[in-house]
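Report on one structure; see the data block that follows.
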Amino acid sequence: GAVVSQHPSRVICKSGTSVKIECRSLDFQATTMFWYRQFPKQSLMLMATSNEGSKATYEQGVEKDKFLINHASLTLSTLTVTSAHPEDSSFYICSAGAGTGGRNEQFFGPGTRLTVL
Amino acid sequence: SQQGEEDPQALSIQEGENATMNCSYKTSINNLQWYRQNSGRGLVHLILIRSNEREKHSGRLRVTLDTSKKSSSLLITASRAADTASYFCATFTGGGNKLTFGTGTQLKVEL
């Protein structure tokens with residue numbers, strides 16, 4: 001199957017700093033990437049849909065100025081958590097969309113564990 | 001919230017037994033997918049079933065879909081300790097290419 005990588009896998013930062021997370025599709029081009037957030041023992045909540053060459057579409061309740069998304073190429077999307085606070089600590093997972101004809105499978109990255117002190 | 005619900009939330013069985021997880025959703029769908037997540041890791045796609053399909057098999061996995069009841073089930077037969085993970089259903093409605101995930105079932109298979 002298609003491979004999606006995320007970097008870094010873990011990051012610890014001080015409150016008030018910004019953190020950038022990269023999501024790359026390694027062996028296919030992804031016009032659409034998705035960013036999810038997952039709290040411990042909970043499900044994935046979609047934060048935003050990232051489209052190559054255009055602005056991201058954010059889900060209701062997600063602050064677009066706090067979670068900056070850039071999809072500069074068909075293989076790379078970045079999520080920047082600006083002015084991070086302890087409540088932003090979470091597991092962030094990206095996925096890249098692939099498939100046609102109604103299949104619409106998503107391939108997920110391994111996730112990034114963010115801890116804000 | 002459009003998020004689906006899964007039950008049970010947690011399931012503990014002995015190796016060799018079958019495990020059944022159920023998923024209910026709220027809106028009409030294009031397809032339904034099941035994913036597996038090991039603790040602290042990303043998701044692995046297990047199986048996809050289209051809205052016009054009723055049952056699908058893949059190895060030890062069997063998925064059913066009842067669109068009239070807006071529900072799906074995942075059966076893992078002859079479970080192994082390595083099947084221990086969280087399992088999520090996700091529905092695709094076609095709009096925006098988005099997946100909506102269920103609440104998940106934490107499966108523990110004991111030796």
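Every heavy atom of this structure was used, including side-chain atoms; hydrogens, water molecules and symmetry mates were not. Everything quoted here is computed from the prediction, not taken from an experiment. Residue numbering restarts at 1 for every chain, and letters A, B, ... go by the order of the sequence lines.
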### Query
Would A:Ile21 end up clustered with A:Phe34 when hydrophobic side chains under 4.5 Å apart are linked, directly or stepwise?
no

### Message
Grouping I, L, V, M, F, W and Y whenever their side-chain heavy atoms are under 4.5 Å apart, do B:Tyr87 and B:Leu75 come out in a common cluster?
### Response
no

### Query
Can you list every disulfide bond (SG atoms under 2.5 Å apart) pair that touches residues 28-87 of chain A, not counting sequence neighbours?
none

### Summary
ring-ring contact (aromatic ring centres under 6.0 Å, His included) pairs touching residues 59-80 of chain A, sequence neighbours excluded, are none

### Query
Is it the backbone or the side chain of B:Gln37 that comes under 4.5 Å from a heavy atom of chain A, or both, or neither?
side chain

#### Entry: Heavy-atom side-chain proximity of A:Gln106 to B:Tyr35 below 4.5 angstrom
yes

### Query
Any donor-acceptor pair under 3.5 Å linking the side chain of A:Ser43 with the backbone of B:Gly104?
no

### Task
I would like to know whether B:Leu43 and A:Leu44 meet side chain to side chain contact (heavy atoms under 4.5 Å, CB included); could you show each step before the answer?
CA-CA 10 Å; B:Leu43 273 71; A:Leu44 280 74; 3.8 Å; yes

### Task
Identify the heavy atoms of B:Gly40 and A:Phe91 that sit nearest to each other, and give their distance.
O-CZ, 3.4 Å

## Note on the structure
Joining Ile, Leu, Val, Met, Phe, Trp and Tyr whenever any side-chain heavy atoms lie under 4.5 Å apart, the cluster holding A:Leu68 also takes in none

### A:Leu76 reachable from A:Met47 in the ILVMFWY side-chain graph, under 4.5 Å edges
no

### Query
When only pairs under 4.5 Å are counted, which of A:Gln6, A:Gln38, A:Gln42 shares the most heavy-atom pairs with chain B?
A:Gln38

### Task
Select all residues of residues 108-117 of chain A having any heavy atom within less than 4.5 Å of some heavy atom of chain B, and report them by number, or 'none'.
A:Phe108, A:Gly109, A:Pro110, A:Arg113

### Query
When you look at CD of A:Glu59, are more than 12 heavy atoms from neighbouring residues, nucleotides or ligands closer to it than 6.0 Å?
yes

### Message
Tell me whether the count of non-hydrogen atoms from other residues, nucleotides or ligands lying under 6.0 Å of NZ in A:Lys41 goes above 12.
### Response
no

### Message
Are there over 12 heavy-atom neighbours, none belonging to A:Arg10, within less than 6.0 Å of that residue's CZ?
### Response
no

### Message
Nearest 0.5 angstrom please: B:Thr100 OG1 to A:Leu46 CG, how far?
### Response
7.5 Å

